[in-house]
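Everything on this sheet refers to the single structure shown next.
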Amino acid sequence: MPQRLTLTDIADQAGVSTATVSRVLNGKSNVADSTRRQVLAALDILGYERPESVHQTSRGLMGLIVPELSNPIFPLFAQQIEQLLAPSGHTPLLCTQTPGGISEDEYVEMLVDRGVAGIIFVSGRHADTTGDVTRYQRLRERGVPLVTINGNAPTIKAPGFATDDRRATRMAVDHLIALGHQRIGLAMGPMRMVPAQRKRSGYEDAMTEGLPGELLRMVETLYTYEGGVSAALHLLEQGCTGIVCSSDVMALGVVQGARQTGRSVPHDVSVIGYDDSPLIPMTDPPLTTVRQPVDAICRAAVSTLLAQLGGERPSDTEMLFAPDLIVRDSTAAAPID
């Protein structure tokens, strides 16, 4: 190990004594399993190779792969998962993806090399209907338990947990219809992704049933602020007075896009987000949004993963969770033509 790493460094990170660290590093048996996991996790977190005497599966480490963290819903998922893993003595190794950065497959190899006990995928390639899903099957064949969050492609064989996106979008559109809106648009993410497909289905169902004969107005864009601005300009050109968005960040971009055209939210156009991520109640105006049941999803995902570690065989199905519509000040009665 590098000279600069001391027993004190490891002990401080693990929250144990230097004597305990010494016993673990020397392979002594008089150390509790939970304490041994703390020390091994500290080594990995500090970025140091384990001595050969302790190079074994890290039962205390769990892989957690999420998209970029600029969307606050993903740090919220990560925080909830970390809190839920803590009582079992597991520490998540957080892996974030950015365009042009480390790929999901590269992260998986790094985590497997680290000997993680299992992997949690949040909004990963498992939701991409055009992606290679055999990667997950190969992972399970290697004996690595896994669960997914936020949409499984139809061919995925793994336990999954997600918000009912179809129901969520129906709720949002129904809310706008009840306020008298007829020209309602949908700003959605890339259609190759399962959540976008489900949101589109919910939008089409609600529009067909609530406003038969009305035109469907949809824009495929990115789950970003800039994507929301762009979607707003397209949908407002089509006369929309209500816009349902696939994320809160996107919805904030739609609000800005409306303002760029001289429109006011909600007097000229109503906007609905998706996620109810932190700080959204403090936006101007406070955003009406669909709340994802993050805590319930994370509890189910973590408990299923831990059950796999205990030897249980999981059901390779996806569990959908009911969303809630949170009405705030970004929606109002449709403007009078």
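In this text the structure is predicted, and so the values were computed from the model without any measurement.
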Between [X] and [Y], which heavy-atom pair has the shortest distance, and what is it?
X: Arg200; Y: Met191; result: CD-CE, 3.8 Å
X: Leu287; Y: Val271; result: CD1-O, 4.0 Å
X: Pro323; Y: Pro293; result: CA-CD, 4.4 Å
X: Gln308; Y: Pro145; result: OE1-CB, 3.3 Å
X: Gly124; Y: Met193; result: O-CE, 4.0 Å
X: Ala172; Y: Ile272; result: O-CD1, 3.4 Å

Check whether the side chains of Thr20 and Arg23 place a donor and an acceptor atom closer than 3.5 Å, and report yes or no.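 Note: Thr20 and Arg23 side chains meet the donor-acceptor criterion.
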Would you say the side chain of [Y] lies within less than 4.5 Å of the side chain of [X], judging by non-hydrogen atoms?
X: Gln197; Y: Ser201; answer: no
X: Lys157; Y: Tyr136; answer: no
X: Ile81; Y: Ile149; answer: yes
X: Asp276; Y: Arg328; answer: yes
X: Val255; Y: Ser330; answer: no
X: Val24; Y: Leu43; answer: no

Which residue pairs pass the side chain to side chain donor-acceptor pair (under 3.5 Å) test with at least one member in residues 221-241, sequence neighbours excluded?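 Listed once each, the pairs are His181-Thr241.
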Between Arg125 and Asp128, does any NZ, NE, NH1 or NH2 come within less than 4.0 Å of an OD or OE carboxylate oxygen?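 Yes.
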Under the 4.5 Å side-chain heavy-atom rule for ILVMFWY, direct or indirect, which residues accompany Leu222?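 Answer for Leu222: none, a lone residue.
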